[in-house]
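Below is one structure, written out as structure tokens, with a few remarks after it.
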Amino acid sequence: MLDKKVFGERVKGVRLSSGLNQQEFGERLGITKQTVSGIETGYRATSLEILFEICQQFKVSSDELLGLNENDRS
């Protein structure tokens, strides 16, 4: 099961490594700063569309964001 808090920490890592604040990151994704904050703290789930946008725009894999690896797959 996906831990929203861990997912949020990974999203925050992507944002910080891109040198963006929450406002700028949200603008790139078409969401508000408050939504970014909610995702990063694990308070708010994200849509598949936003997950896709993060992966596309910031060149990160969904497996990485979701914490999936070969050992997790059956």
Side-chain angles (χ1 to χ4, degrees):
M1 183 155 107
L2 176 64
D3 183 334
K4 288 190 291 185
K5 195 163 194 161
V6 172
F7 174 77
E9 290 170 2
R10 290 185 177 123
V11 170
K12 183 177 182 178
V14 169
R15 176 179 64 78
L16 292 175
S17 68
S18 299
L20 300 172
N21 63 35
Q22 289 181 337
Q23 180 73 35
E24 295 163 333
F25 191 73
E27 287 172 0
R28 295 260 313 257
L29 299 171
I31 59 178
T32 66
K33 175 186 173 190
Q34 290 78 13
T35 299
V36 173
S37 176
I39 292 168
E40 289 183 357
T41 61
Y43 178 74
R44 184 179 185 120
T46 189
S47 67
L48 289 175
E49 290 82 6
I50 297 302
L51 175 62
F52 179 78
E53 285 299 318
I54 293 170
C55 294
Q56 289 290 98
Q57 290 192 37
F58 298 96
K59 307 298 183 223
V60 61
S61 75
S62 59
D63 284 0
E64 183 180 341
L65 286 176
L66 297 172
L68 301 176
N69 63 45
E70 292 300 320
N71 296 331
D72 294 337
R73 298 182 185 150
S74 304

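Everything numeric in this text was worked out from a predicted model, so none of it was measured.
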(message) Nearest 0.5 angstrom please: I54 CD1 to S18 OG, how far?
(response) 10.5 Å
(message) If you compare all heavy atoms of L29 against all heavy atoms of E53, which two are closest, and at what distance to 0.1 Å?
(response) CD2-CB, 3.7 Å
(message) To the nearest 0.5 Å, what is the distance between CD1 on I31 and CD on E49?
(response) 12.0 Å
(message) Using 0.5 Å steps for rounding, measure from the CD atom of E40 to the OG1 atom of T35.
(response) 11.0 Å
(request) Determine the minimum heavy-atom distance between F7 and L65, stating which atoms define it. (result) CD1-O, 3.2 Å
(message) Quick check for you: to the nearest 0.5 Å, what is the distance between T41 atom OG1 and E9 atom CD?
(response) 10.0 Å
(request) Spell out, yes or no, whether L48 and F52 are grouped together once hydrophobic residues are joined by side-chain heavy atoms under 4.5 Å, including indirect joins. (result) no
(message) Are more than 12 heavy atoms, taken from residues, nucleotides or ligands other than R10, located less than 6.0 Å from that residue's CZ atom?
(response) yes
(message) Can you confirm whether F58 sits close enough to V11 that some side-chain heavy atom of one is under 4.5 Å from a side-chain heavy atom of the other?
(response) no
(request) Look at the side-chain heavy atoms of Ile, Leu, Val, Met, Phe, Trp and Tyr, link any pair under 4.5 Å apart, and say whether V14 and L68 land in one connected group. (result) yes
(request) Measure the spacing between CG of L20 and CD of E27 and express it to the nearest 0.5 Å. (result) 9.5 Å
(message) Give me the atom names and distance for the closest heavy-atom approach of S61 to C55.
(response) C-SG, 3.9 Å
(request) Indicate the atoms forming the closest heavy-atom contact of K4 with Y43, along with that distance. (result) NZ-O, 4.3 Å
(request) Taking all heavy atoms of R28 and all of Q57, pick out the closest pair and write down the distance. (result) O-NE2, 2.8 Å
(request) Starting at CD of Q22, measure out to CD1 of I39 and round the result to the nearest 0.5 Å. (result) 10.0 Å
